[in-house]
**Student:** 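Okay, handing you the structure first.
Atoms within a ligand are numbered from 1 in the order they appear, just like the ligands themselves. Since we're looking at a predicted model, the values are computed, not measured. Just so you know, residue 1 is the first one in the sequence shown, and it goes up from there.
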Amino acid sequence: MSYYEEAKKIYEQYGVDTDSVLDQLSGISLSVHCWQGDDVGGFERPDAELAGGGIQATGNYPGKAKNVDQLRQDLEEVFSLVGGSHRLNLHASYGEFGSTFVDRDQIEEKYYQGWVDWGKKMGIPLDFNGTFFSHPMADDGYTLASKDERIRRFWIEHAKRCRKIAAWIGEQQGSPCILDTWIPDGAKNLTVDKFGYRAILKESLDEIFETEYPKEFMRDALETKLFGIGSEAFVVGSHEFYMNYAARNNKMLCIDMGHFHTEEDISDKLSAILLFDDEILLHVSRPMHWDSDHVVLFNDKIKMVAEELVRSGKLETSHIGLDFFDASINRIGAWVTGIRAMRKALLFALLEPIDQLIEYEESGNGYATMALLEQQSVLPFGAIWDEYCRRTNTPLEGELIDLIGLYEREVLEERS
Ligand SMILES: C[C@H](O)[C@H](O)[C@@H](O)C(=O)CO
Ligand SMILES: [Mn+2]
């Protein structure tokens, strides 16, 4: 009997059918962020770099993608090493702009046609993000909440164009494009007129959302945040702000695991949000002391998020995006590790004997609930994961270091 067959029998004793779990797992889409490949630089200008905006990429590992072709090449490598269904989450700054500079308030559909075509060829639908940072018009810390009307209008125009582009992408690919809006607006020091800034942001959003797009083409998500580098004292688009805005305006919340106090249990927020909202967008990340965007690992926090999605029965209407960027290590390895870690967490959660756990809980047998969860942690999960890799024609864990090393030597080291 194979290792998998043995493991399957063990899970059967808990009423879990591993074959149907593996089928279910393949169908869950993970939206892979394009920005791990070039440290959030984008391709608006040669050698563009992430600047300002309360986020930071640290490290200078060689081989980063310097143009769209290199990024696609890297992504194709990544997708060959991770199994299951995926989407690509594209930032507006990654368009194909040619040799002329195209400012953010001038972007149009045509700059993203190449990505849509590539996505269709790869069987990978796209999601989209407005880029409200790394730009002189964001240098004073405010974009959509700016008190400078010229700056505010510039970013409103960007946001409107992003929505139009997202709807166009969704229509072309036959799958709704999730548009995430994250703005860096906030202040390093004490801010007196918080109410005023938030009122301006609300006004900007109201105008941006005046145009309705069909749900089958695009959906809007708003990303909340507690603090950022350079916005330690005040973030306009806080959790409470967007919770209220989203609820009253029928928008989706984006919950980034790095955007809360590091001691907060992000997983606990999910059932509270999903009870009232049909959909949610997650930015799965691994904050270390701050919103550091470390590579996601198969750790307790990720497991707890995956468990909540499965236990709440809301996996179908949850959009799982990844948001990490580590410039200090092999970027392909970073991507692959993070994507696979999220997939492992989902598998781990899907293998739970939920009905039995609930039965114990409802009968007041707290010890049995705890004991059953402890048993789960020592079941042969690795055998099921290996089988998933086999069924999706992707490498086993033990093969990754060599494969990624090979790509590094053959491709990344050739980049000047
Ligand atoms: C690049 C992304 O837009 C960014 O990471 C955003 O999602 C965020 O989390 C900012 O802290
Ligand atoms: Mn994020």
**Student:** After noting the C-alpha distance and the side-chain angles of Arg343 and His86, does the key distance pass the side-chain hydrogen bond (donor to acceptor under 3.5 Å, both in side chains) rule?
**Tutor:** CA-CA 11 Å; Arg343 185 75 68 184; His86 296 99; 3.3 Å; yes
**Student:** Taking 2.8 Å as the upper limit, name the protein N, O or S atoms near the Mn ion (ligand 2).
**Tutor:**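 Sorted hits: Glu223 OE2, Asp256 OD2, His283 ND1, Asp323 OD2.
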**Student:** Which heavy atom of Ala138 sits nearest a heavy atom of Thr143, and at what distance?
**Tutor:**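 Ala138 and Thr143 have their closest heavy atoms at CB-CG2, 3.8 Å.
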**Student:** Describe, in one word, how the ring planes of Phe154 and His135 are oriented to each other, choosing from parallel (under 30°), tilted (30 to 60°) and perpendicular (over 60°).
**Tutor:**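 Rings of Phe154 and His135: tilted, as their planes differ by 30° to 60°.
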**Student:** Salt-bridge test for Lys160 and Glu157: reply yes if a basic N is under 4.0 Å from a carboxylate O, no otherwise.
**Tutor:**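 No, Lys160 and Glu157 are not salt-bridged.
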**Student:** Filter the ligand 1-protein atom pairs down to N or O on both sides and distance under 3.5 Å, then list them.
**Tutor:**
residue  : atom   : partner : partner atom : Å
ligand 1 : 3 (O)  : His91   : NE2          : 2.7
ligand 1 : 5 (O)  : Asp323  : OD1          : 3.1
ligand 1 : 5 (O)  : Asp323  : OD2          : 2.8
ligand 1 : 7 (O)  : Glu223  : OE1          : 2.8
ligand 1 : 7 (O)  : Glu223  : OE2          : 3.0
ligand 1 : 7 (O)  : His283  : ND1          : 3.2
ligand 1 : 7 (O)  : Asp323  : OD2          : 3.0
ligand 1 : 9 (O)  : Glu223  : OE2          : 2.9
ligand 1 : 9 (O)  : Asp256  : OD2          : 2.8
ligand 1 : 9 (O)  : His259  : NE2          : 2.9
ligand 1 : 9 (O)  : Asp323  : OD2          : 2.8
ligand 1 : 11 (O) : Lys225  : NZ           : 2.6
ligand 1 : 11 (O) : His259  : NE2          : 2.8
ligand 1 : 11 (O) : Asp291  : OD2          : 3.2

**Student:** Salt bridge or not between Lys215 and Asp220? Use side-chain N to carboxylate O under 4.0 Å.
**Tutor:**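 Salt bridge: no.
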**Student:** Applying the ring pair (Phe, Tyr, Trp, His ring centres under 6.0 Å) criterion to His91, which one of Phe128, Phe132, Phe133 satisfies it?
**Tutor:**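 Exactly one pass, corresponding to Phe133.
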**Student:** How close do Asp39 and Leu50 get, heavy atom to heavy atom, and via which atoms?
**Tutor:**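 Where Asp39 meets Leu50 most closely, the heavy atoms are O-CB, 3.7 Å.
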**Student:** Where does the angle between the aromatic ring planes of Tyr197 and Phe234 fall among parallel (under 30°), tilted (30 to 60°) and perpendicular (over 60°)?
**Tutor:**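 Tyr197 and Phe234: tilted rings.
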**Student:** Do Lys147 and Tyr142 meet the cation-pi criteria used here (NZ or CZ under 6.0 Å from the six-membered ring centre, within 45° of the axis)?
**Tutor:**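 Geometry flag: not set, cation outside 6.0 Å or 45°.
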